[in-house]
Amino acid sequence: MTVSLERADGIEKVAFTLRIATTLIGAADSPETLIERIAPWLEREFEQTREAALKSIRTDRKLLEISFDPEHPGPFA
């Protein structure tokens, strides 16, 4: 899932990719449900995620990829 975040004042916009292991989500989970689960995590981790996403674009020339799996479940714990 590709996510794009923009500051409220519109000055800065960042994008990154989320990879979620299928073992962490249910068959009935819709994209909207996943976003509702991810949003609080993104709010808590916003500055760190923003910095990492900007660094990835500038240094590696690719979108940052954040993976959630059984070892690192993030908001799916």
Side-chain angles (χ1 to χ4, degrees):
M1 171 185 323
T2 301
V3 177
S4 178
L5 302 175
E6 185 173 349
R7 279 181 37 160
D9 57 11
I11 291 176
E12 185 174 64
K13 186 175 185 177
V14 296
F16 53 93
T17 302
L18 294 175
R19 181 175 294 212
I20 306 165
T22 56
T23 56
L24 298 178
I25 57 176
D29 282 337
S30 67
E32 293 79 16
T33 303
L34 295 176
I35 291 169
E36 288 174 8
R37 291 177 72 182
I38 294 167
W41 181 87
L42 283 174
E43 289 174 0
R44 278 192 314 275
E45 303 293 330
F46 178 76
E47 282 302 317
Q48 182 178 359
T49 303
R50 182 185 68 80
E51 289 294 324
L54 290 172
K55 182 179 178 186
S56 182
I57 288 292
R58 291 179 182 146
T59 305
D60 302 331
R61 304 270 189 243
K62 64 179 185 175
L63 291 179
L64 173 68
E65 182 177 293
I66 300 172
S67 295
F68 299 120
D69 56 37
E71 291 181 27
H72 303 97
F76 300 94

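- Separating the CD1 atom in I66 from the CD1 atom in I38 is a distance of 9.5 Å, to the nearest 0.5 Å.
- Atom CD of Q48 is surrounded by 12 or fewer heavy atoms from other residues, nucleotides or ligands within 6.0 Å.
- A 4.5 Å side-chain heavy-atom check between I25 and F68 finds every atom pair outside the cut-off.
- Using a 4.5 Å cut-off on side-chain heavy atoms (C-beta onward), E43 and F46 make no contact.
- No single ILVMFWY cluster, assembled from side-chain heavy atoms under 4.5 Å apart, contains both L63 and I35.
- When every heavy atom of P73 is checked against every heavy atom of P70, the shortest pair comes out as CD-O, 3.7 Å.
- Note that the OG1 atom of T17 and the NZ atom of K62 stand 10.0 Å from one another [nearest 0.5 Å].
- Closest approach of A53 and A15 over heavy atoms only: CB-O, 3.9 Å.
- Remark: H72 NE2 to L24 CG distance equals 12.0 Å, nearest 0.5 Å.
- Counting only heavy atoms from C-beta outward, the side chains of L5 and F16 approach each other to under 4.5 Å.
- Looking at heavy atoms from C-beta onward, L34 lies in side-chain contact with F76 at the 4.5 angstrom threshold.
- M1 approaches I20 most closely through the heavy-atom pair CE-CD1, 4.3 Å.
- Residues V14 and R50 share a closest heavy-atom pair of CG1-CG, 4.0 Å.
- Tracing side-chain contacts under 4.5 Å through hydrophobic residues (I, L, V, M, F, W, Y), one never reaches V3 starting from I57; they form parts of separate clusters.
- When atom types are taken as modelled, the side chain of D69 and the backbone of E71 share a donor-acceptor pair closer than 3.5 angstrom.
- When all heavy atoms of L64 and S56 are compared, the pair lying nearest together is N-OG, 3.5 Å.
- Heavy atoms only, all atoms of each residue included: S4 and K13 are closest at OG-CE, 2.9 Å.
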